[in-house]
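To start, the structure under review is shown below, and the notes come after it.
In the text below, chain A, chain B and the rest are named by the order of the sequence lines, each starting its count at 1.
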Protein chains: 2
Amino acid sequence: MAETKIPKATAKRLPIYYRYLNILHDSDKNRVSSTELSEAVKVDSATIRRDFSYFGALGKRGYGYDVDSLLKFFKKILNQDKLTNAALIGVGNLGNALLNFNFHQNSNVRISAAFDVRPDLANTVQSGVPIYPMSELRKQLEDQQIKIVILTVPESVAQNVTDDAIAGGVRGILNFTPLRVSVPTNVRVQNVDLTNELQTLIYFLDHYNEEE
Amino acid sequence: MAETKIPKATAKRLPIYYRYLNILHDSDKNRVSSTELSEAVKVDSATIRRDFSYFGALGKRGYGYDVDSLLKFFKKILNQDKLTNAALIGVGNLGNALLNFNFHQNSNVRISAAFDVRPDLANTVQSGVPIYPMSELRKQLEDQQIKIVILTVPESVAQNVTDDAIAGGVRGILNFTPLRVSVPTNVRVQNVDLTNELQTLIYFLDHYNEEE
DNA sequence: TTTTTATTGAAAATTATTTCACAAATCGTC
DNA sequence: GACGATTTGTGAAATAATTTTCAATAAAAA
């Protein structure tokens, strides 16, 4: 399934490249060099070439990379040639913003179902997405074959909800709660911890002055 | 200023430790081992000990770490013993959610000013935070001595707004736009790219199955 | 007191990632 | 075609981060 395992650091950069390739494509550029890419995405050009080379020789010496074929290649690699459905669990403050956040505009992901405990939300439609009661979580995930969830519930219930979601077949979790949830090894968690990010930023400001 | 430069990977974990130490403190635990911490924060115990050791010998062999003194230490290190004001630029969909997101509850950061282009928003107060017109960005940042901004504007204006903010003295940017903004070396950018996170998650799901 | 158990701190080994630097390939021009 | 200018792809070196290992020490038990 994997093409001889790409480094994680590389994998995390692929969407960044993909995004900029789309921009180039939309502006009808058909050729790009690693140096040019480097400036746009703020990644060293040697790193970009190394990243690309894990997938084979994608460029041409003395020429650069062909935008269209590179784009097509990454679209495939990133599964962006198919639509991926995700579920949002917890339609509170942040959850609501994510419902309106148009993932589908920039990527082939869309939130196709949402869940919340509040009885007045259950069985309504918010921003075009049906909201189900939490009691239906497992069943709906199974029925709709949803493999990815976005977790925006209160920390106190995060682990329970996670367990439920995994029971429903979920394989990837975008976790906005500060809790580091426990999951089996075949489930992937990507943590987005806003308080953390701010604190890290403050730390760097105070301790890594005037350099990079 | 810096205590002989800590690895970046370590710096990013400090807020995670800090948060869990607070939880331990609140539940009146006064001692913790690296193994116990490890389970809670999902970081290998050796990595935790290594991380701590950059700051000196904080623990006691055969005993573990004293929660209170460790907490006090990290509070200082992370500047959480002082209040840090941040500004939010762009009170749209996501920006609004962040205004309501209580950073102050979990950390000593609060959003003390917000900015938006919409004339109907300017000079109102949203969730207790005054909204200023964009034209006042630089002046307000200077006057209020705000060094950190949260950027939730449309991508198309991200670079301009960033330049303005930096002219106003900003040193750290939590960037929610997909644009990799250009900044001088003494300004730090922390990118939070939601579409990216989802795409990375999908990539890992498809290519790094059944292992870790 | 002595022994056992728990646990850190740090050196060393390992693994992962980035960067350098250059030969090889290709392009565009004369 | 030959030549100079570009630009990739990649070994090798450098740097960064994690993990192993274990001596030293503290606390608890005998």
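- Evaluation of the ring-ring contact (aromatic ring centres under 6.0 Å, His included) test over residues 61-98 of chain A, restricted to residues two or more places apart or in two chains, returns A:Phe52-A:Tyr65, A:Phe52-A:Phe74, A:Phe55-A:Phe73.
- Applying the ring-ring contact (aromatic ring centres under 6.0 Å, His included) rule to pairs touching residues 89-112 of chain A yields A:Phe101-A:Phe103, sequence neighbours excluded.
- For residues 20-43 of chain A, no pair satisfies ring-ring contact (aromatic ring centres under 6.0 Å, His included), with sequence neighbours left out.
- Nucleic acid contact class of A:Phe52 (heavy atoms, under 4.0 Å, all strands): none.
- A salt bridge does not link B:Asp164 with B:Arg138: none of the charged nitrogens is closer than 4.0 Å to a carboxylate oxygen.
- Side-chain atoms of A:Glu155 never come within 3.5 Å of backbone atoms of A:Pro178 as a donor-acceptor pair (strictly under, hydrogens ignored).
- Using a 4.0 Å cut-off on heavy atoms, the residues of residues 38-46 of chain B that approach DNA chain D are B:Asp44, B:Ala46, listed by number.
- Taking atom CG on A:Leu58 and atom P on D:dT7, their separation rounds to 17 Å, with Å as the unit.
- Counting to the nearest Å, the C1' atom of D:dT15 and the NZ atom of B:Lys8 are 12 Å from each other.
- Residues B:Tyr203 and A:Asn79 bring no donor and acceptor atom of their side chains to less than 3.5 Å of each other.
- Per the geometry, CG belonging to A:Leu37 stands 13 Å off C1' belonging to D:dT7, to the nearest Å.
- Note on B:Thr47: a side-chain N or O is less than 4.0 Å away from OP1 or OP2 of D:dT19.
- In this structure the side chain of B:Leu151 reaches within 4.5 angstrom of the side chain of B:Val161, judged on heavy atoms.
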All N/O pairs under 3.5 Å across the protein-nucleotides 25-29 of chain C interface:
| from | atom 1 | to | atom 2 | distance (Å) |
| --- | --- | --- | --- | --- |
| C:dT26 | O4' | A:Arg61 | O | 3.0 |

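- Counting to the nearest Å, the P atom of C:dA16 and the OH atom of A:Tyr54 are 11 Å from each other.
- Donor-acceptor pairing under 3.5 Å, judged by distance alone, is absent between the side chain of A:Arg50 and the base of D:dT10.
- Shown here are the ring pair (Phe, Tyr, Trp, His ring centres under 6.0 Å) partners of B:Tyr18, two or more places apart in sequence or in another chain: there are none.
- Put simply, B:Arg13 has a side-chain N or O that comes within less than 4.0 Å of OP1 or OP2 on D:dT18.
- Rounding to whole angstrom units, CD1 of residue B:Ile48 and P of D:dT20 are separated by 14 Å.
- The CG-C1' distance, from B:Asp66 to D:dA27, rounds to 15 Å in whole Å.
- In this structure, CZ of B:Arg49 is placed 10 Å from C1' of D:dT20, rounded to the nearest angstrom.
- For B:Tyr65 and C:dG9, the shortest distance from a side-chain N or O to OP1 or OP2 is below 4.0 Å.
- Looking at B:Lys29 and B:Glu36, a side-chain N of the basic residue comes within less than 4.0 Å of a carboxylate O on the acidic one, giving a salt bridge.
- The interatomic distance linking B:Lys5 (NZ) with D:dA17 (C1') rounds to 17 Å, in whole Å.
- At least one side-chain nitrogen or oxygen of A:Ser34 sits closer than 4.0 Å to the OP1 or OP2 atom of D:dT8.
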